[in-house]
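Contents: one structure, followed by commentary.
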Amino acid sequence: DAGVTQSPTHLIKTRGQQVTLRCSPKSGHDTVSWYQQALGQGPQFIFQYYEEEERQRGNFPDRFSGHQFPNYSSELNVNALLLGDSALYLCASTPGGGRNTGELFFGEGSRLTVL
Amino acid sequence: ILNVEQSPQSLHVQEGDSTNFTCSFPSSNFYALHWYRWETAKSPEALFVMTLNGDEKKKGRISATLNTKEGYSYLYIKGSQPEDSATYLCAPTLSGTYKYIFGTGTRLKVLA
């Protein structure tokens, strides 16, 4: 049973470019959340997708957008990249609509470096 | 803005030592408190989730307690082993939201 898989694992972009990160949730999970972990910080909530819609959003600008597909996989898109977007981006999945007492199952992350 | 604080930020202990960490959070609108263990180059893994004041959870040598009235949780590791070396994150969740609010973590290094 595959866990949460993310791609790519590492990537380098330059300021102003756009990036798409991908996530496949754990089998049987229908809810996907994205978190950003900048250096020296804990993971920060970006947004959560459920039933192909953004259900809740954290304190991130509109440059951060996402999508969830019918197979529950998800993408995170970041436009007009800034140096401060350099971080580890974690995807987490949960079953059953993502109740907030449930365990988050994380991928290993996509490390983005913006030059 | 919910401020979650974890202390200490990092610590080194000798193999066999027992240790504990603290997670503090504002107690208003509290719903649940999660602890995660994150080894380098791996993904964070859930240790415990606690919801009720006075909850205690245990998994092997690791245990946790919860005080929702004063807004803190302790994580204890008894007889630390090198494989316990990791970053330990706590994350409260609030009523009516889906986001987990992570602290900055406690980085534990167990020396053999």
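Quick caveat: nothing in here was measured; it's all calculated off a predicted structure. Sequence lines set the chain letters: A, B, ... in the order given, protein chains first and strands last, and positions in each chain run from 1.
Annotation: side chain of B/Tyr100 is in contact with side chain of A/Leu104 (closest heavy-atom distance under 4.5 Å). Looking at B/Ser43 and A/Val4, their side chains never come closer than 4.5 Å, going by heavy atoms from C-beta outward. Between B/Phe102 and A/Leu90, every side-chain heavy-atom pair lies at or beyond the 4.5 Å cut-off.
A single hydrophobic cluster is not seen to contain both A/Phe106 and A/Leu76; linkage of ILVMFWY side chains at heavy-atom distances under 4.5 Å, directly or through other members, places them apart. Cluster annotation: A/Tyr72 and A/Phe47 are assigned to distinct hydrophobic clusters (Ile/Leu/Val/Met/Phe/Trp/Tyr, side-chain heavy-atom contacts under 4.5 Å, transitive). With hydrophobic clusters built from ILVMFWY side chains whose heavy atoms lie under 4.5 angstrom apart, A/Tyr49 shares a cluster with A/Phe60. Follow the hydrophobic side-chain contacts under 4.5 Å out from B/Val13 and you never reach B/Tyr74; the two are in separate clusters. By the criterion of side-chain heavy atoms lying less than 4.5 angstrom apart, applied directly or through intervening Ile, Leu, Val, Met, Phe, Trp or Tyr residues, A/Tyr50 is not grouped with A/Val32; the two fall into different hydrophobic clusters.
For a heavy-atom cut-off of 4.5 Å, chain B lies close to A/Tyr35, A/Gln37, A/Gly40, A/Gln41 in residues 33-41 of chain A. Applying a 4.5 Å heavy-atom cutoff, the residues of residues 104-112 of chain B that approach chain A are B/Thr104.
Residue contact with chain A, scored on non-hydrogen atoms closer than 4.5 Å, involves the backbone of B/Ala41 exclusively. In this structure, the portion of A/Leu88 lying under 4.5 Å from any heavy atom of chain B is its side chain and not its backbone. Heavy atoms of B/Phe48 lying under 4.5 Å from chain A are absent altogether.
Atom-to-atom distance recorded for A/Phe45:CZ and B/Thr97:OG1 is 8.0 Å, nearest 0.5 angstrom. With values rounded to the nearest 0.5 angstrom, A/Glu103 atom CD is found 9.5 Å from B/His34 atom NE2. Expressed to the nearest 0.5 Å, how far CZ of A/Arg55 lies from NZ of B/Lys99 amounts to 14.5 Å.
Counted within 6.0 Å of CD on A/Glu53, heavy atoms from surrounding residues, nucleotides or ligands total 12 or fewer; the atom is thus considered open. More than 12 non-hydrogen atoms from other residues, nucleotides or ligands lie less than 6.0 angstrom from CD of A/Gln18. Residue B/Arg61 qualifies as enclosed at atom CZ: its count of foreign heavy atoms under 6.0 Å is above 12. Residue-environment remark: CZ (A/Phe105) exceeds the threshold of 12 foreign heavy atoms within 6.0 Å.
Across every non-hydrogen atom of B/Tyr98 and A/Gln56, the tightest pair is N-OE1, 2.5 Å. Of all heavy-atom pairs spanning B/Pro44 and A/Gly107, the tightest one is CD-O, 4.2 Å. Between B/Lys42 and A/Glu108, the shortest heavy-atom distance links the atoms C-CG, 4.2 Å.
By the side-chain contact (heavy atoms from CB on, under 4.5 Å) test, A/Leu115 pairs with A/Ile12, A/Thr113, sequence neighbours left out.
Under a 4.5 Å side-chain heavy-atom criterion applied to ILVMFWY residues, the cluster that includes B/Leu52 comprises that residue alone.
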